[in-house]
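Below: the structure, in structure tokens.
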Amino acid sequence: MKKGEIFEGLVERVGFPNKGMIRVREGRVMVKGVLPGQRVKIVISKKKGSRVEGRLLDVTEKSPLELTEAYCPHFGACGGCAYQTLPYEEQLKLKAAQVEELLRPVVTKENRKNVSWDDIFEGILPSPRQFEYRNKMEFTFGDEIKDGPLTLGLHKWGSMYDIIPVEQCRIVDEDFRKILTVTMEYFRETGAPFYHRMRHEGYLRHLLVRKATKTGEILVDLVTTTQISWLSNKISESGTNCKENLRNSADAACSSDDVIEKNGSNENIKPENRNTLEYKLTAGWLDALLSLELEGVLTGILHTKNDSLSDTVKDEGTEILYGRDYFYEELLNLRFSITPFSFFQTNSLGAEVLYDTARRFIRDSLAEAGESLDGRTVFDLYSGTGTIAQILSTVAGKVIGVEIVEEAVEAARENAALNGLTNCEFIAGDVLKVLDEIEERPDFIILDPPRDGVHPGALKKIIAYGVEHMIYISCKPTSLARDLAVMQEAGYRAEHICCIDMFPGTANVETVCQLILHKTL
């Protein structure tokens, strides 16, 4: 097989994350974006030794497992979902099988031949909602085709640059869809340019929308560069309807104190900035948002500046245009204040299943040893906004959370105070470094690392504590498999493993693993 050659074959299996193995007459090829049982046409894109990779060209025959059509009209064009044409029961089976393929060889390796995988693996728990479950979306401004009209949505499947509008996206609810649509229409009328990643020019970058499932509170954040010369030029041009529309829209939104008071603008906007063209532009957008009829409640509307070259949402200064810069969500009878950029599980109802599973593992683990967390010190490493720490603090002596994102740490401290918890301490910093600075020693450790897993140096320090019980929560089973192998060499073994489907329709899955230290295996 050579690069550029085209083949047709059958998808034998699909491993994590959505990597299909295609059987053709000349051998096997790995291809992303396929489903088990499909017959597909592919082109060879890479070959290194015996490893051959291909790119999907067409599905010539559907899998026997597939539905007639996807529930979302954007499926196939958008790169967000991969498994939506599979019935939900089949999605769960596929994800459970992928995790088993990765973890079973690790937990039942040669020095544990007597261990039964079926006794360890509890399978997968479904999301309480299959659709409209996300509480956060980051939409991108761009164009669907080169030099096409402004659009706002998600990256096209397989493309780094093309953005497709997703006004009918089904993993978010109707409020998200309305906010997306009115924002796209408003900025199309103004003629605002989007930020070109290659030229590093333009204004509009992202639209961040967060909505609490329990409280219904909504936070919206417009992310732009500081490149506003186009705006001055647009206003100074003569004879265009677009110019007049922009001027009239901005003036109507900002020309009176009554409207400014209605829109909630406050001291967070410097007085000298309230008469700028840019402020008038964003105030026109704000007015369009506040005119929407939503099921939830707009709690805050923000404007964030970001001039970084990377295509990520980065806070280089945020102003409040309306309301406040946080919203409230509730999980397991606790209340959490969430800011625009702080980490919080994107499926609130699924998060309750996830954390309840972790809590059950902790309880069962200690009960089997005749112990409890009462009076014990718990380390919650990679703690985010402190959700797990606060859930455990009601039964522990003290919980220490470590998180590298300072905004998340501040939110965690505020949330602990909000919930009346006095035995939680949150430290901002890299786990690798902070562990050298903490004087207390843990009796129990919770790990909830980012996708790449635990840094090898940090994992070595964590193991060195020698705690008898750990819980590892993973959003990437390949990282869990790697870290689990290291922990088992040090004497830990997986007692129970359970998957939680936090992301229906996608190739992602969460896994909770209960670990116990055994001095001799």
Side-chain angles (χ1 to χ4, degrees), residues 11-21 32-40 56 59 61-104 118 121-137 154 157 166-177 211 213-214 331 345-358 360 473-478 480 497-512:
V11 182
E12 291 185 324
R13 65 179 184 84
V14 176
F16 181 88
N18 195 26
K19 294 181 178 179
M21 192 59 65
K32 291 184 178 181
V34 296
L35 295 173
Q38 285 180 335
R39 183 164 291 278
V40 296
L56 178 66
V59 177
E61 185 179 324
K62 286 188 173 185
S63 166
L65 301 175
E66 284 188 271
L67 298 169
T68 304
E69 59 185 39
Y71 181 60
C72 179
H74 307 298
F75 180 79
C78 163
C81 295
Y83 298 154
Q84 210 178 86
T85 55
L86 290 178
Y88 192 46
E89 295 77 10
E90 295 298 334
Q91 292 182 36
L92 295 175
K93 289 179 184 178
L94 177 58
K95 292 182 181 184
Q98 290 173 347
V99 173
E100 178 177 356
E101 181 182 28
L102 290 167
L103 299 186
R104 183 169 186 163
D118 292 336
F121 189 52
E122 296 186 359
I124 186 168
L125 298 175
S127 169
R129 288 182 184 171
Q130 184 181 351
F131 298 105
E132 299 188 349
Y133 59 85
R134 284 192 66 96
N135 59 34
K136 175 186 176 182
M137 287 293 281
L154 300 175
W157 172 258
V166 288
E167 303 104 310
Q168 299 301 317
C169 176
R170 297 303 178 187
I171 61 174
V172 294
D173 69 21
E174 184 64 17
D175 285 351
F176 282 83
R177 297 190 283 266
K211 179 182 177 182
T213 302
K214 296 290 185 68
L331 290 182
Q345 291 287 354
T346 55
N347 180 344
S348 296
L349 298 180
E352 290 191 319
V353 178
L354 174 70
Y355 295 139
D356 191 57
T357 300
R360 174 171 59 86
I473 300 175
S474 171
C475 59
K476 189 178 181 182
T478 49
L480 174 59
I497 296 172
C498 184
C499 299
I500 294 89
D501 186 27
M502 298 278 286
F503 319 100
T506 77
N508 299 309
V509 63
E510 292 272 347
T511 307
V512 183

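Along the sequence shown, the residues carry numbers beginning at 1. Quick note: numbers below take in every heavy atom, side chains included, and nothing from hydrogens, waters or symmetry partners. Since the structure is predicted, the reported quantities are computational estimates derived from the model, not experimental observations.
The side-chain contact (heavy atoms from CB on, under 4.5 Å) check on Thr506 picks up Cys81, Lys95, Tyr133, Phe503, Asn508, with sequence neighbours excluded. Under the side-chain contact (heavy atoms from CB on, under 4.5 Å) criterion, Leu86 pairs with Leu35, Leu65, Glu66, Tyr83, Glu90, Gln91, Leu94, sequence neighbours left out. Listed by chain and number, the residues in a side-chain contact (heavy atoms from CB on, under 4.5 Å) with Ala77 are Ile164 (sequence neighbours excluded). Residues satisfying the salt bridge (Lys or Arg N to Asp or Glu O under 4.0 Å) test with Arg129, not counting sequence neighbours, are none. The side-chain hydrogen bond (donor to acceptor under 3.5 Å, both in side chains) check on Asn18 picks up nothing, with sequence neighbours excluded. For Ser127, the side-chain hydrogen bond (donor to acceptor under 3.5 Å, both in side chains) partners two or more places apart in sequence, or in a different chain, are Asn347. When the ring-ring contact (aromatic ring centres under 6.0 Å, His included) test is applied to Phe75, no partner is found at least two apart in sequence or on another chain. A search for salt bridge (Lys or Arg N to Asp or Glu O under 4.0 Å) contacts involving Glu61 returns nothing, not counting sequence neighbours. Taking the salt bridge (Lys or Arg N to Asp or Glu O under 4.0 Å) definition, one finds that Lys32 meets it with nothing, sequence neighbours left out. Listed by chain and residue number, Glu122, Thr357, Arg363, Asp364 satisfy the side-chain contact (heavy atoms from CB on, under 4.5 Å) test with Arg360 (two or more places apart in sequence, or in another chain). Taking Tyr88 as the reference, Asp501 meet the side-chain hydrogen bond (donor to acceptor under 3.5 Å, both in side chains) condition, with sequence neighbours excluded. Considering only residues two or more places apart in sequence or on other chains, Lys19 meets the salt bridge (Lys or Arg N to Asp or Glu O under 4.0 Å) condition with none of them.
A salt bridge is defined here as a Lys NZ or Arg NE, NH1 or NH2 lying under 4.0 Å from an Asp or Glu carboxylate O, and Arg177 with Glu132 meets this definition.
Taking 4.5 Å as the limit, some side-chain heavy atom of Glu510 sits within range of a side-chain heavy atom of Ile473. Between Val172 and Lys136, the closest side-chain pair of non-hydrogen atoms is not below 4.5 Å. Contact annotation: the side chain of Arg134 never approaches that of Phe176 to less than 4.5 Å [non-hydrogen atoms, C-beta and beyond].
Side chain of Gln98 to backbone of Val14: a donor-acceptor contact under 3.5 angstrom is found.
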